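Presented below is the structure to which this report refers.
These numbers were taken from a predicted model, which means no experiment stands behind them.
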Amino acid sequence: MIWLRALIALVALWAGAGAAQAGCTVSSPTMRFANGSTYDVRAGSVASINGPAGLACTGSVLSVLGSGYARATMTSANGFLLKGPGGSTIPFAVAADGNGTFGFTQGGTINYFNPTLLSLANILFPNSFSPALYARVTASPNIPPGVYSDTLTVQWSWKVCTGLDVLGLVCVGYETSTGTSTIPISLTVGADCRISAPNISFGSAALVSQFTAVNQAVLIDCSLGATYKVAFSGGSAGAARPWRTMSDGAGHVLQYNIYRADGATIWDETNPLVSSVAGTGATTPAQIQNYVAKINPSQPTPPAGAYADIVSVVISF
């Protein structure tokens, strides 16, 4: 009888350990890359992201002992391409760990209970199991601005240990089930421009009437397909009409202005020029915007000195 009572007590302990239940739930989180420009994509500077993979298990006892598993089978609606305007695409990759060692393929399966993956990802804690997804852009295409997106579908199947024996060595209870996560992933790409604007130098002269006009150009290019307008700011005086002004820093000014290529139309922010061509996305700008800069020959000649102003090239799209 003494031996029998001891056996009953041990069975009761086993049953108590096995009663500690875990609960696994499946969700459909959203993954978004940080907004960037088309030039960020071309430069390969879109930051990687990570987030929940869609499965979460909690309980008083969780263990990878025994025959447990947490398998994720992934498919991408676009074949791991973020699709945007006009069918333009941005390739990306998804992995179960931050190093990309366990990368997903179309229809491929990864077991998050793989010991190496558990070590890399550090996703198993005594009372919870929350696997993650890591996504990164893998190419640098020349694309138009817009919203680029894809949808990941993850088919889950799991067998999670929910209780251990009194020695903590043998699973005495499992939860086995399946579920599906549908995960939208997107990247919003904005328009941007590149500008090359050389300084303007009128040289030197004794009289204002002796300064000659300067014919120059700024070189511009913007995101692929983007239409844009070009203007020049009012400079340090804040206005271009009737004249912009250069200053010698001692209160004296020299009047000048910037005109369109016709040499007569004042070119400022109230009168921007619509580019005749759309952007090509070139990283080295080559679209020529000609202008003429002139000093007002009718103004009184100010005191001798070095006169300067700072004007910005303003692009709007």
Side-chain angles (χ1 to χ4, degrees), residues 35-43 45 84-86 88 141-148 188-205 208-247 253-299 302 306-317:
N35 295 353
S37 74
T38 57
Y39 288 99
D40 292 328
V41 175
R42 291 208 70 179
S45 60
S88 298
N142 182 17
I143 55 168
V147 178
Y148 290 74
T188 299
V189 181
D192 199 0
C193 295
R194 292 292 182 266
I195 303 170
S196 176
N199 293 332
I200 301 172
S201 175
F202 289 100
S204 61
V208 293
S209 60
Q210 296 174 333
F211 286 104
T212 58
V214 174
N215 293 271
Q216 283 191 175
V218 293
L219 302 179
I220 299 171
D221 209 331
C222 294
S223 299
L224 181 64
T227 57
Y228 62 93
K229 299 177 182 180
V230 186
F232 292 88
S233 71
S236 56
R241 298 170 186 265
W243 296 100
R244 294 176 169 90
T245 57
M246 289 182 279
S247 171
V253 298
L254 184 64
Q255 295 174 342
Y256 77 102
N257 229 325
I258 299 174
Y259 304 88
R260 292 189 185 178
D262 61 11
T265 305
I266 294 176
W267 199 348
D268 63 359
E269 291 183 79
T270 69
N271 187 29
L273 176 67
V274 179
S275 175
S276 60
V277 293
T280 69
T283 55
T284 300
Q287 294 181 350
I288 300 172
Q289 304 292 346
N290 293 300
Y291 65 86
V292 180
K294 298 179 183 179
I295 287 178
N296 177 12
S298 302
Q299 66 186 307
Y307 291 78
D309 190 19
I310 297 176
V311 174
S312 299
V313 181
V314 180
I315 308 298
S316 56
F317 41 77

Under 3.5 Å, side-chain donor or acceptor atoms of residues 188-202 against the rest of the protein: list the pairs with distances, not counting sequence neighbours.
unit_1 : atom_1 : unit_2 : atom_2 : d
Asp192 : OD2    : Arg194 : NH1    : 3.3
Ser201 : OG     : Gly203 : N      : 3.4

Checklist entry - Which atom pair, heavy atoms only, marks the closest approach of Ile315 to Cys222? => result CG2-SG, 4.0 Å
Item to check | Closest contact, heavy atoms only, Glu269 versus Gly234 | outcome: OE2-N, 4.4 Å
Checklist entry - Is there a donor-acceptor pair closer than 3.5 Å between any side-chain N or O of Gln255 and the backbone N or O of Asn296? => result no
Next on the checklist: Just to verify, what does Val277 make a side-chain contact (heavy atoms from CB on, under 4.5 Å) with, not counting sequence neighbours?
Outcome noted: Ser275, Gln287
Checklist entry - Minimum heavy-atom separation for Thr38 to Pro145, with atom names? => result CG2-N, 3.7 Å
Next on the checklist: So, using side chain to side chain donor-acceptor pair (under 3.5 Å) as the criterion, who are the partners of Ser37 when residues are at least two apart?
Outcome noted: Asp40
Checklist outcome for this item: side chain to side chain donor-acceptor pair (under 3.5 Å) filter on Ser312, not counting sequence neighbours, yields none
Next on the checklist: Looking at Thr280, is its backbone amide N or carbonyl O close enough to the side chain of Asn142 to form a donor-acceptor pair, meaning the two atoms are under 3.5 Å apart?
Outcome noted: yes
Next on the checklist: Show every ring pair (Phe, Tyr, Trp, His ring centres under 6.0 Å) that has at least one partner inside residues 264-294, sequence neighbours left out.
Outcome noted: Phe232-Trp267, Phe232-Tyr291
Next on the checklist: Please enumerate all residues that pass side-chain contact (heavy atoms from CB on, under 4.5 Å) together with Ala237, with sequence neighbours excluded.
Outcome noted: Thr245
Checklist entry - How would you list, by chain and number, every residue that makes a side chain to side chain donor-acceptor pair (under 3.5 Å) with Asp309, sequence neighbours excluded? => result Ser236, Tyr256
Item to check | Inter-residue atom distance Thr212.OG1 - Lys294.NZ, 0.5 Å rounding | outcome: 11.5 Å
Next on the checklist: Restricting to side-chain contact (heavy atoms from CB on, under 4.5 Å), what partner residues turn up for Thr270, sequence neighbours left out?
Outcome noted: Arg241, Asp268
Item to check | Distance in Å, Gln216 CD paired with Ile258 CD1, rounded so as to fall on 0.5 Å steps | outcome: 9.5 Å
Item to check | Interatomic spacing from OH in Tyr148 to OG in Ser88 - rounded to 0.5 Å | outcome: 4.5 Å
Checklist entry - Looking only at heavy atoms, which two atoms of Phe211 and Ile295 are closest? And how far apart? => result CG-CD1, 3.5 Å
Checklist outcome for this item: Taken in chain and number order and not counting sequence neighbours, the residues that satisfy side chain to side chain donor-acceptor pair (under 3.5 Å) with Thr227 are none
Next on the checklist: I want to check something: taking the side chain as every heavy atom from C-beta on, are Val253 and Trp243 in contact at a cut-off of under 4.5 Å?
Outcome noted: no
Next on the checklist: Using the side-chain contact (heavy atoms from CB on, under 4.5 Å) criterion, which residues pair with Thr265? Sequence neighbours excluded.
Outcome noted: Arg260, Asp262, Asn271
